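A, B, ... follow the sequence lines: proteins, then strands. Residue 1 opens every chain. Values reported hereafter were calculated over all heavy atoms of this structure, with side chains retained and with hydrogens, waters and symmetry mates removed. Note that this is a predicted model, so its numbers are computed, not measured.
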Protein chains: 2
Amino acid sequence: MKNPKIKSEEIARIAGVSRSTVSRVINNYSNVPAETRDKVMKVIQDYNYFPVMSAQVLAGKRMRTIGLFLIEPGNVSSDSLTNMLLVSVIENASEHGYYILANIIRDTKNKDTIRSVKEIFMQKRIDGGIFIGAAINEPLIEELIAEGFVVGVVDQNQEYPQSNRIVANFNNDSGMKQALAYLVDLGHTKIGVINGDMNRLSGQTKYEGFKKAMHLHNLPVKPDWVLPGDFHDRSGYDAIQTLLHIPTDLPTAIIAANDSVAFGAIRALKEHGLQVPEDISVIGFDDHVLSDMHHPALTTIRVDFNDMLKHLTTDVIAKIELGTTNIKEITMDCSLVVRDSCKRI
Amino acid sequence: MKNPKIKSEEIARIAGVSRSTVSRVINNYSNVPAETRDKVMKVIQDYNYFPVMSAQVLAGKRMRTIGLFLIEPGNVSSDSLTNMLLVSVIENASEHGYYILANIIRDTKNKDTIRSVKEIFMQKRIDGGIFIGAAINEPLIEELIAEGFVVGVVDQNQEYPQSNRIVANFNNDSGMKQALAYLVDLGHTKIGVINGDMNRLSGQTKYEGFKKAMHLHNLPVKPDWVLPGDFHDRSGYDAIQTLLHIPTDLPTAIIAANDSVAFGAIRALKEHGLQVPEDISVIGFDDHVLSDMHHPALTTIRVDFNDMLKHLTTDVIAKIELGTTNIKEITMDCSLVVRDSCKRI
DNA sequence: CTGAAAGCGCTTACAG
DNA sequence: CTGAAAGCGCTTACAG
């Protein structure tokens, strides 16, 4: 370790100014003449000086880091979405000069977990947090918000609007409407749905959107064709198993709460000798990375997580910096992507 | 914001002790009688007190955070490996009470990038760093090490052994030996290879391992059958295109530098009407998440990134805490996973 | 066992 | 425009 870390005092001495002035040039105060600034900057660069962050923070600066909390009960590893989210958040934060402290939460109800998440905020390790994967009501998040910390949450709404809570969602209503309009246009009237996790806002809004859209087209929502699911492949598979074992006629088209569910559903259909889209049409939601390569290529509702996270990150940082008290709610559009999994009838 | 953050001084006052004592119980000093400790702890809990981290750090404690630097020139998003690595590092660090500051490096040669990475270390935002995706020689990393920072690096060696550098690798030599022994056992003697990125240590060691293993079996390494690649799917595809367009007979088996390359290679082979393993055997390396589901299921050399990162993280933290001066080099075993992409001839 | 005091390395009113 | 000084909230020798 060749570096005993030069500190601002020495920079000041060498540049022939006071620590105050060194601090002023570092913090870009306007009242420092160019000449002085240049002189000090030269010394700073020559000595490769960087202010110690903890000293800056203790003296009143921000950490410039935001905590990213990925709520993932199961194995995160398999989900390549998480990865994209992370990259998106990191790079956007970075553009604002912010850093990301990445965390995984396995269980939001776990005592130790709750304590350690709160600790991160209370210790002032971070200036704010972003939660991904939250259920509709997460006491942990509510507590944090009540404490006044700024938090961004994907997939929640402003039930009790608070200015330090920023929510981000997709317009699932519109997405479902598009999906349905497309199917109806193809001649479908017998349409089923495999739901997502109803503990998540998007699970609910997608189903609500489905019902509304069906109503719009004067189509009945047949209870036998409303299958439970949880956003995972397996639940799509199971839903089809269920559907095929009840004495009912089959829908001609199925809307899945997301593409993973659609994959599972198609797998189950194939196993029962039903071809997609020849025998039954399937439409997904989210536009998963693999949907394009899937056989058949999956028709779906595209959603731009990247862009959403970008907005959320930016807004969280803005809230931290500006402390504005307006209520922030981000809603992103989604759009139909037609591929090969639906057929005209 | 209902919380003006209670500080240690008030805790002390309320508990009827000095700040010194409060600090002692927080830091678990042994010379505090149980009675005093309990009394103080009660107040700490009652008031939900957490020491401000920047103050602790400024007073000499560690940040307890390590920087994770993912070097990813292209789009990270598609690679589900990154995700696994991240989770593995976060959870292991967490077990040691450490946090992960996650960073993406697009270009290790970029001036601004270099500066900002160095800044993170110099500012003392982190106690150490872990680099994933590094080339054999990364001046940035060398500088950091020269400065005395503790750095863990995947896929590099201890060329100039330094105690604050910790490297982690797989035993590619052994892996290649296993792959080759298997192919030879199946009767293959005409064996080709598609290399990985030769700027990466693993690219080199895999090829070296291949050559050594061929030599061991008295098999000639035919130059026409040594194809360049870069660890990505596309390069495997391109390699096969090249191979099929040169006037040479074909090998009966091909070893790919990793599974992505193998996927690309198999895709190209199929397009040329060659079936795997019927017409040509292909073996991969790394055991990608998708290899199991691939058609044909890919025979490969399994490698446990998770476990490697766990060791690396643990060792980096140990080095930070203990400051030991021994040279650390982690080498992980790999093992053959037989599936359906190789055939006996 | 425990308190008073110094110190960690900055920033920012304050005064000039 | 600029410096001296106070203060940020802790920890840890030091002394008793």
Side-chain angles (χ1 to χ4, degrees), chain A residues 3-41 43-44 47-65 119-127 321, chain B residues 3-41 43-44 47-65 119-127 321:
Chain A
N3 191 11
K5 266 295 265 165
I6 192 167
K7 54 179 90 161
S8 81
E9 189 167 359
E10 281 130 75
I11 297 294
R13 193 173 40 69
I14 296 166
V17 297
S18 70
R19 274 144 70 225
S20 315
T21 298
V22 171
S23 180
R24 285 192 192 96
V25 348
I26 282 170
N27 292 295
N28 256 304
Y29 277 45
S30 55
N31 58 354
V32 182
E35 200 190 346
T36 311
R37 173 179 309 280
D38 293 349
K39 181 177 62 180
V40 174
M41 279 307 281
V43 179
I44 287 177
Y47 287 81
N48 203 19
Y49 167 74
F50 290 89
V52 168
M53 190 224 26
S54 53
Q56 292 187 109
V57 171
L58 193 56
K61 293 296 196 183
R62 295 207 185 76
M63 282 289 288
R64 301 190 76 79
T65 116
E119 183 173 28
I120 293 174
F121 282 86
M122 300 290 274
Q123 281 184 136
K124 297 197 176 146
R125 244 175 216 287
I126 55 180
D127 303 308
E321 306 248 279
Chain B
N3 189 12
K5 264 296 262 165
I6 193 167
K7 52 180 92 163
S8 81
E9 189 168 357
E10 282 129 75
I11 297 294
R13 194 173 39 73
I14 296 165
V17 297
S18 69
R19 275 143 69 225
S20 316
T21 298
V22 172
S23 179
R24 284 191 193 99
V25 348
I26 283 170
N27 292 294
N28 254 305
Y29 277 45
S30 55
N31 57 354
V32 182
E35 200 191 345
T36 310
R37 171 179 311 280
D38 293 349
K39 180 177 59 178
V40 174
M41 278 308 280
V43 179
I44 288 178
Y47 287 80
N48 204 19
Y49 166 74
F50 290 90
V52 167
M53 188 224 28
S54 53
Q56 293 188 107
V57 171
L58 192 57
K61 293 296 197 184
R62 294 205 184 77
M63 283 289 287
R64 300 189 77 79
T65 117
E119 184 173 27
I120 293 173
F121 281 86
M122 300 291 275
Q123 281 183 136
K124 297 197 175 145
R125 244 176 216 287
I126 56 179
D127 303 309
E321 307 250 276

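- B:Lys124 contributes no side-chain N or O that, together with a main-chain N or O of A:Pro51, makes up a donor-acceptor pair within less than 3.5 Å.
- Distance A:Asp38 CG to D:dC1 P: 14 Å, rounded to the nearest Å.
- A side chain to side chain donor-acceptor pair (under 3.5 Å) check over residues 51-61 of chain B, counting only residues at least two apart or in different chains, returns the pairs B:Asn27-B:Lys61.
- Taking B:Ser8 as the reference, nothing meets the side-chain hydrogen bond (donor to acceptor under 3.5 Å, both in side chains) condition, with sequence neighbours excluded.
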Q: Would you write the dot-bracket representation of DNA chain C, where each base gets (, ), [, ], | or . depending on whether it forms a Watson-Crick or G-U pair under 3.5 Å and with which partner?
A: |||.||||||||.|||

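- By the salt bridge (charged side-chain N to carboxylate O under 4.0 Å, His left out) test, A:Glu321 is found to be paired with A:Arg62, A:Arg64, residues two or more places apart in sequence or in another chain being considered.
- Taking B:Phe121 as the reference, B:Phe69, B:Phe149 meet the ring-ring contact (aromatic ring centres under 6.0 Å, His included) condition, with sequence neighbours excluded.
- For A:Asp38, the side-chain hydrogen bond (donor to acceptor under 3.5 Å, both in side chains) criterion is met by no residue, not counting sequence neighbours.
- Evaluation of the side-chain contact (heavy atoms from CB on, under 4.5 Å) rule for B:Asn31 yields B:Arg24, B:Tyr29 as partners, not counting sequence neighbours.
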Could you run down the sub-3.5 Å N/O contacts of the protein with nucleotides 6-10 of chain C?
from: C:dC8; atom 1: O2; to: B:Leu58; atom 2: O; distance (Å): 3.2
from: C:dC8; atom 1: O2; to: B:Ala59; atom 2: N; distance (Å): 3.4
from: C:dG9; atom 1: OP2; to: A:Lys7; atom 2: NZ; distance (Å): 2.7
from: C:dG9; atom 1: N2; to: A:Ala55; atom 2: O; distance (Å): 3.3
from: C:dC10; atom 1: OP1; to: A:Tyr49; atom 2: OH; distance (Å): 3.0
from: C:dC10; atom 1: OP2; to: A:Ser8; atom 2: N; distance (Å): 2.9
from: C:dC10; atom 1: OP2; to: A:Ser8; atom 2: OG; distance (Å): 3.2
from: C:dC10; atom 1: O5'; to: A:Tyr49; atom 2: OH; distance (Å): 3.0
from: C:dC10; atom 1: N4; to: A:Arg19; atom 2: NH2; distance (Å): 2.5

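- With sequence neighbours left out, B:Ala15 forms a side-chain contact (heavy atoms from CB on, under 4.5 Å) with B:Val17, B:Val40, B:Val43.
- Applying the 4.0 Å criterion to OP1 and OP2 of D:dT2, one finds that A:Thr36 has a side-chain N or O inside that range.
- With sequence neighbours left out, B:Thr65 forms a side-chain hydrogen bond (donor to acceptor under 3.5 Å, both in side chains) with no residue at all.
- Taking atom C1' in both D:dG16 and D:dT12, one finds a spacing of 16 Å when rounded to whole Å.
- Every side-chain contact (heavy atoms from CB on, under 4.5 Å) that B:Glu10 has, sequence neighbours left out, goes to B:Ile6, B:Lys7, B:Arg13.
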Pairs under 3.5 angstrom, nitrogen or oxygen only, protein versus nucleotides 13-16 of chain C, please.
from: C:dA13; atom 1: N6; to: A:Arg24; atom 2: NH2; distance (Å): 3.3

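- Remark: P of C:dT2 and CG of B:Asn31 are 8 Å apart, rounded to the nearest angstrom.
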